[in-house]
*Asks:* 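Structure below; questions to follow.
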Amino acid sequence: MAAVLMMFRSSEALRSTCLKHVTSRSIFTTGSNHDSNEGWFSKLLVRRIEPTKEPHSRMLADKEEIYELQTHNIRPDSTDKYLKNCKENAALIASRRSELNCELVASWTVTVGDMDQALHLWRYTGGFSSVDKTKLLLGKDESFSKLQKERGNYLRSRHLQFLLAFNFWPTIESRKGSNIYEIRSYSLKPGTMIEWGNNWARGLKFRRNNNEAYAGFMSQVGRLNNVHHIWCYESLYQRKETRESAWRNPGWDECVAYTVPLIREMHSRILVPTEFSPTQ
């Protein structure tokens with residue numbers, strides 16, 4: 001019994017020493033100035049973020065443009081009716097665009113991932129005051145209210161987020177031709193948004209060769225600590241080739257290594273534009 005107790009105490013002492021060593025390494029791990037001999041383990045440690053009095057949204061995004069991401073889970077037997085309803089809704093809002101300061105940026109259905117799902121991305125110019133104004137005006141529009149009520153018959157559930165666009169991503173531009181899109185959604189650990197932005201501002205330069213970067217967002221209202229990256233590809237094969245080519249660029253591996261520890265959960269969906277989507 002005494003021998004077992006001594007072995008336990010020795011094991012605890014060794015464990016304590018290792019933890020102290022790991023902690024000291026994690027506090028002082030830095031970015032571009034790290035020693036190349038530190039090895040892969042140091043890349044997995046989250047770097048220290050200095051306290052700031054600035055809100056993350058002010059440092060990473062333009063608050064004068066608010067994006068609304070609508071996620072609709074559709075009844076499988078009602079897809080055609082649902083899409084017809086959404087098309088009429090988009091046309092109604094487009095007819096009042098100058099008054100509402102609101103426009104549809106993109107509309108997609110999911111083909112890989114969460115099936116029987118549609119995503120609609122709207123942009124409000126003028127900050128949250130424009131959002132308030134638009135909601136108030138549309139609430140008084142009988143045609144809009146009728147479409148909203150009708151749409152409820154075609155849905156199983158829905159979710160809405162207000163987002164800000166990262167200022168280090170390219171300007172959002174409508175694409176022509178026949179494309180597919182991928183939305184990669186990340187749930188981050190609270191307090192790590194600045195670190196995420198710091199790494200992706202550098203890492204994004206490795207993903208510009210084929211003009212695949214479409215949009216990048218951080219959540220403001222709805223599910224918090226969320227990030228959405230949206231990529232545009234000609235096909236699934238081009239997606240594969242483009243993503244593999246990024247790994248051949250020195251520096252891309254560091255972006256991945258430094259951001260992985262910030263993530264609590266992530267998932268990917270492949271999207272195709274609806275016929276009324278401004279981007280195709």
*Asks:* Under the 3.5 angstrom rule, does the side chain of Asn89 hit a backbone N or O of Gln148 as a donor-acceptor pair?
*Replies:*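 Not confirmed, Asn89 side chain does not pair with Gln148 backbone.
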*Asks:* Answer yes or no: does atom NZ of Lys84 have more than 12 heavy-atom neighbours from other residues, nucleotides or ligands under 6.0 Å?
*Replies:*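 No, not enclosed.
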*Asks:* Following the transitive rule for hydrophobic clusters with a side-chain heavy-atom cut-off under 4.5 Å over Ile, Leu, Val, Met, Phe, Trp and Tyr, establish whether Tyr186 and Val256 coincide in one cluster.
*Replies:* yes
*Asks:* Measure the acute angle between the ring planes of Trp252 and Trp247, then classify it against the limits of 30° and 60° as parallel, tilted or perpendicular.
*Replies:* perpendicular
*Asks:* Hey, is the main chain of Cys255 close enough, under 3.5 Å, to the side chain of Asn199 for a donor-acceptor pair?
*Replies:*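 Side chain of Asn199 to backbone of Cys255: no pair is present.
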*Asks:* Check whether Ser268 reaches the backbone of Arg184 with its side chain - one donor and one acceptor, N or O, closer than 3.5 Å.
*Replies:* no
*Asks:* For the side chain of Arg75 and the backbone of Asn153, is there at least one donor-acceptor N/O pair under 3.5 Å apart?
*Replies:* yes
*Asks:* Return yes if some donor-acceptor pair links the side-chain N/O of Arg156 with the main-chain N/O of Ile74 below 3.5 Å, else return no.
*Replies:*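 Yes: the side chain of Arg156 pairs with the backbone of Ile74.
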*Asks:* Among the clusters formed by ILVMFWY side chains lying less than 4.5 Å apart, do Phe128 and Leu60 turn up in the same one?
*Replies:*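 Yes; Leu60 is reachable from Phe128 via cluster members.
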*Asks:* Any side-chain to backbone donor/acceptor pair from Asp141 onto Leu137? Under 3.5 Å, distance only.
*Replies:*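 Pair absent, no side-chain N/O of Asp141 close to backbone of Leu137.
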*Asks:* List in chain and number order the residues that pass side chain to side chain donor-acceptor pair (under 3.5 Å) with Thr274, two or more places apart in sequence or in another chain; answer none if no residue qualifies.
*Replies:* Ser107
*Asks:* How would you list, by chain and number, every residue that makes a side chain to side chain donor-acceptor pair (under 3.5 Å) with Glu275, sequence neighbours excluded?
*Replies:*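 Counting only residues at least two positions away or on another chain, Glu275 forms a side chain to side chain donor-acceptor pair (under 3.5 Å) with Lys87.
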*Asks:* Check for me whether the distance between the ring centres of Tyr154 and His72 falls short of 6.0 Å.
*Replies:*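 Aromatic pair excluded; centres sit 6.0 Å or further apart.
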*Asks:* Under 4.5 Å side-chain heavy-atom separation, chaining through any Ile, Leu, Val, Met, Phe, Trp or Tyr, what else clusters with Trp108? Say none if it is isolated.
*Replies:*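 Besides Trp108, the cluster holds Tyr67, Leu69, Val105, Val110, Leu119, Leu121, Leu163, Ile172, Tyr181, Ile183, Tyr214, Phe217, Ile230, Leu271.
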*Asks:* Arg239 and salt bridge (charged side-chain N to carboxylate O under 4.0 Å, His left out): which single residue from Glu244, Glu182, Glu234 fits?
*Replies:*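 Option passing the salt bridge (charged side-chain N to carboxylate O under 4.0 Å, His left out) with Arg239: Glu182.
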*Asks:* Could you verify whether a donor N or O on one side chain and an acceptor N or O on the other, from Asn73 and Ser157, lie under 3.5 Å apart?
*Replies:*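 There is such a pair between these side chains.
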*Asks:* Begin with the C-alpha distance, continue with both residues' side-chain angles, and end with the deciding distance and a verdict on side chain to side chain donor-acceptor pair (under 3.5 Å) for His228 and Ser185.
*Replies:* CA-CA 5 Å; His228 302 289; Ser185 300; 2.8 Å; yes
*Asks:* Is it true that a side-chain atom of Glu68 and a backbone atom of Leu160 form a donor plus acceptor pair closer than 3.5 Å?
*Replies:* no
*Asks:* Hey, what's the ring geometry for His120 with Tyr82, parallel, tilted or perpendicular (30° and 60° as the breaks)?
*Replies:* tilted
*Asks:* Test your reading of the model: is there a side-chain donor-acceptor pair from Ser235 to the backbone of Gln238, 3.5 Å cut-off?
*Replies:*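 Here the side-chain-to-backbone pair exists.
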*Asks:* Please check if Val112 and Trp231 belong to a single hydrophobic cluster, counting links between Ile, Leu, Val, Met, Phe, Trp and Tyr side chain heavy atoms closer than 4.5 Å.
*Replies:* yes
